[in-house]
Number of protein chains: 2
Amino acid sequence: MEEKEYLEDHEELLKTVLDRQPADEVLYDLAELFKVFGDSTRIKILYAMFETELCVNDIARLLNLSQSSVSHQLRILKTSKLVKFRREGKSVFYSLDDEHIKLILSMGMEHVEE
Amino acid sequence: MEEKEYLEDHEELLKTVLDRQPADEVLYDLAELFKVFGDSTRIKILYAMFETELCVNDIARLLNLSQSSVSHQLRILKTSKLVKFRREGKSVFYSLDDEHIKLILSMGMEHVEE
DNA sequence: TCAACATATGTTTATTTGTTCATATTATAA
DNA sequence: TTATAATATGAACAAATAAACATATGTTGA
């Protein structure tokens, strides 16, 4: 019976799909990561840091955002290890944590610019 | 005056940063794209399609999701051109729109798995 | 120690968003 | 055409979240 065989193969295939799914926890973390990229304010901040490290006040002035808003967003970026920071006197300078971040943004940009 | 020169250079730098920022609209679209990746249900669905095209019902059974939920999420994935689909009788088969999608997910995965 | 400046954090509010339930659409087979 | 199966869509509700405002913390120099 051809129909039966097809259905069996299909069930086999579905099992394979399930087997290769990463663990729920990992998929959850992955979603959390992309969620962080999923806000235009944070994207703006990340792009501003493509060139150079920036302090909170510079970011706020540059992008026309409130100090509070920038600080809140930087905390989120910090938590998800997208930015690192160093203190210099009263100022705190933030920069992209690694080149990886640029890659992810660039990949997304390619898809958007099609 | 060294201090004054430093400040001037800094202002120059900030201007450069602003100049190189992509247009707001583009950054907005980019955020919208990542927002789509920013949900674990959608991530699960996308990962399931790494191997093969799947119909709505298969996805729902496989991932323990309601038909309605899957259908709603597929609409979002369709709108942002992350998946394509073809009709075959009563069923609709969905698959990843291009290899690009896998790349973006893999990039994110690398960051998560560190 | 005190004033000022830079940054961080807590809270509230308005908006966005994912899910569920009910119903509509589309396609097949009898 | 009618019943049934597969998918899509609309509406309502609850949870998540970004921004604004107020306030706290930390740092420097007088």
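L74(A) has its CG atom 12 Å from the P atom of dA19(D), to the nearest Å. Taking atom CG of L77(B) as the reference point, atom P of dG18(C) lies 10 Å away to the nearest angstrom. Here dA6(D) presents its P atom at 14 Å from CD1 of I59(B), a figure rounded to the nearest Å. For the pair F85(B) CZ and dA8(D) P, the computed distance is 8 Å after rounding to whole Å.
At a threshold of 4.5 Å between non-hydrogen side-chain atoms, the residues Q73(B) and L65(B) do not count as touching. Looking at heavy atoms from C-beta onward, L105(A) lies in side-chain contact with F34(B) at the 4.5 angstrom threshold. Taking the side chain as every heavy atom from C-beta outward, V26(B) and M109(A) approach each other to under 4.5 Å. Put simply, the side chain of L82(B) reaches to within 4.5 Å of the side chain of F37(B), judged on heavy atoms. In this structure, Y47(B) and R42(B) have side chains that are not in contact, with every pair of non-hydrogen atoms separated by 4.5 Å or more.
Taking the ring axis of F85(B) as reference, the NZ or CZ atom of K78(B) stays within 45° of it and closer than 6.0 Å to the ring centre.
Side-chain nitrogen and oxygen atoms of Y94(B) include at least one within less than 4.0 Å of the OP1 or OP2 phosphate oxygen of dA8(D).
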(Q) Generate the contact string for nucleotides 20-28 of chain D. Rules: B means base contact, S means sugar-phosphate contact only, - means no protein heavy atom under 4.0 Å. (A) BBB----BS
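Of all heavy-atom pairs spanning H111(B) and K81(A), the tightest one is NE2-O, 3.4 Å.
One finds no salt bridge joining E53(A) and K84(A) here, because no Lys/Arg side-chain nitrogen approaches an Asp/Glu carboxylate oxygen to under 4.0 Å.
Contacts of residues 24-56 of chain A with DNA chain C (heavy atom under 4.0 Å): C55(A), V56(A).
Note on S71(B): a base of the nucleic acid sits closer than 4.0 angstrom, heavy atoms only.
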